[in-house]
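Chain naming here is simple, since letters A, B, ... match the order of the sequence lines and numbering starts at 1 in each.
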There are 2 protein chains.
Amino acid sequence: MSLTQIQSFVAVAEEGHVGRAAHRLHLTQPPLSRHILALEDELGAPLFERTPRGMRLLPAGEAFLQHARRILSEVDAAVHTVRGVVGGPSK
Amino acid sequence: MSLTQIQSFVAVAEEGHVGRAAHRLHLTQPPLSRHILALEDELGAPLFERTPRGMRLLPAGEAFLQHARRILSEVDAAVHTVRGVVGGPSK
DNA sequence: GATCTTTACGACAGACGTAATAATG
DNA sequence: CATTATTACGTCTGTCGTAAAGATC
C-alpha cells in the first residue's frame, strides 16, 4: 500500500470515472487503474463496482474512503506541523 | 513522501540508531538513511540530531512523530475495517 | 581506531505511457 | 459503435545492497 494508491482511490471515488480522475491527477488511465487493482488485491476485496459508465463505490469502498481521507489529511497536517515548529517560533 | 519513509522514520525514532532500525525493518543502513534524508529534504528541516552514538529527535522530529504514528495506525485501521466489512457481515 | 552515518555505484524491480484488447449498453 | 476499464509491452526512473568514505569521540 502506498500514499499514491490512496490518493488514486480517493480521486476515483470522488470522480466516479478512472479517466476523469486520471486527468485530475495528471496521469493516464492505465497506471491509475493499476493502482486501484493493486489496492483491491492487497485488501483482498473489490472496492468498486465496474459499470460501462464508470466506477461506483461498494460498501467496502465507502468504509475505506473515510479512512483514506483521514490518512491524507493527517499527512498534510504532519507537513504543516513540522513547518510550523521550524518556521514559527524562530521568527 | 511515502509510507515507507514514514515507517522508517518511526523505527529510527524509536530505536535511536539507524543500524538497529534497519535490522528491525529487514533492511540495510544506506536505504534507511536515505529515507530519513529524503524526508528531511521534503519537509525542509532536519528531524534528528546526528551524534556519533546514534540519532536523537529534534523538536520538529517529535512533532512529526505524533502524526507519523497516527498515519500508520490509521492505515492499519483502514485495512482491518475493509476486511471487517467484507468478512464480518457475510458470515 | 571504533562506532556511527552517509555517499558511490552497479544491478534489479516497479511505474509510466502508447497502443491494443475486452466488455457493456 | 461509442464509451469505459483493463492488459501488453517497451522504456526509464528509482531503490536496493555491497563497498568505500566521512565524521566524531
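Contact annotation: Arg53(B) does not reach the phosphate of dT3(C) (side-chain N/O to OP1 or OP2, under 4.0 Å). Between Arg50(B) and dT6(C), a side-chain N or O to OP1/OP2 separation shorter than 4.0 Å is present. Regarding contacts with the backbone of dA5(D), every side-chain N or O of Ser33(A) stays at 4.0 angstrom or more from both OP1 and OP2. Residue His35(B) places at least one side-chain N or O under 4.0 Å from the OP1 or OP2 atom of dC16(D).
Spacing between atom CG of Leu37(A) and atom P of dA8(D) amounts to 12 Å, rounded to whole angstrom units. In this structure, Gln5(B) atom CD and dT15(D) atom C1' are separated by 11 Å, rounded to whole Å. Atom CE of Met55(A) is separated from atom P of dT3(D) by 19 Å (rounded to the nearest Å). The distance between atom CG of Leu47(B) and atom C1' of dT5(C), rounded to the nearest whole Å, is 16 Å. Atom CD in Glu15(B) sits about 15 Å away from atom C1' in dC4(C), given to the nearest Å. His26(A) has its NE2 atom 15 Å from the P atom of dC16(C), to the nearest Å. One interatomic measurement links the two molecules: CZ of Arg34(A) to P of dT18(C), which rounds to 12 Å at whole-angstrom precision. As rounded to whole Å, 15 Å separates atom P of dC4(C) from atom CG of Leu32(B).
Closest to the Pro31(B) side chain, of the nucleotides dT18(C), dC16(D), dA19(D), is dC16(D). Closest approach to the Pro52(A) side chain among dG25(C), dT18(C), dG17(D) is made by dG25(C) (side chain taken as heavy atoms from C-beta onward).
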Let's go through Glu74(A) and His67(B) carefully: what are the C-alpha distance in whole Å and the side-chain angles of both, what is the deciding distance for side chain to side chain donor-acceptor pair (under 3.5 Å) to 0.1 Å, and is it a yes or a no?
CA-CA 7 Å; Glu74(A) 195 63 43; His67(B) 288 284; 2.7 Å; yes
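For the pair Arg50(A) (side chain) and Phe48(A) (backbone), a donor-acceptor distance under 3.5 Å is present.
The existence of a salt bridge linking Glu14(A) and Arg69(A) is confirmed by a sub-4.0 Å separation between a basic side-chain nitrogen and an acidic carboxylate oxygen.
With Pro46(B) as the partner, the side-chain contact (heavy atoms from CB on, under 4.5 Å) test is satisfied by one option alone out of Asp41(B), Leu58(B), Ile36(B), Leu39(B): Leu58(B).
When hydrophobic clusters are built by joining Ile, Leu, Val, Met, Phe, Trp and Tyr residues whose side-chain heavy atoms come closer than 4.5 Å, directly or via intermediates, Leu37(B) is not grouped with Leu43(B).
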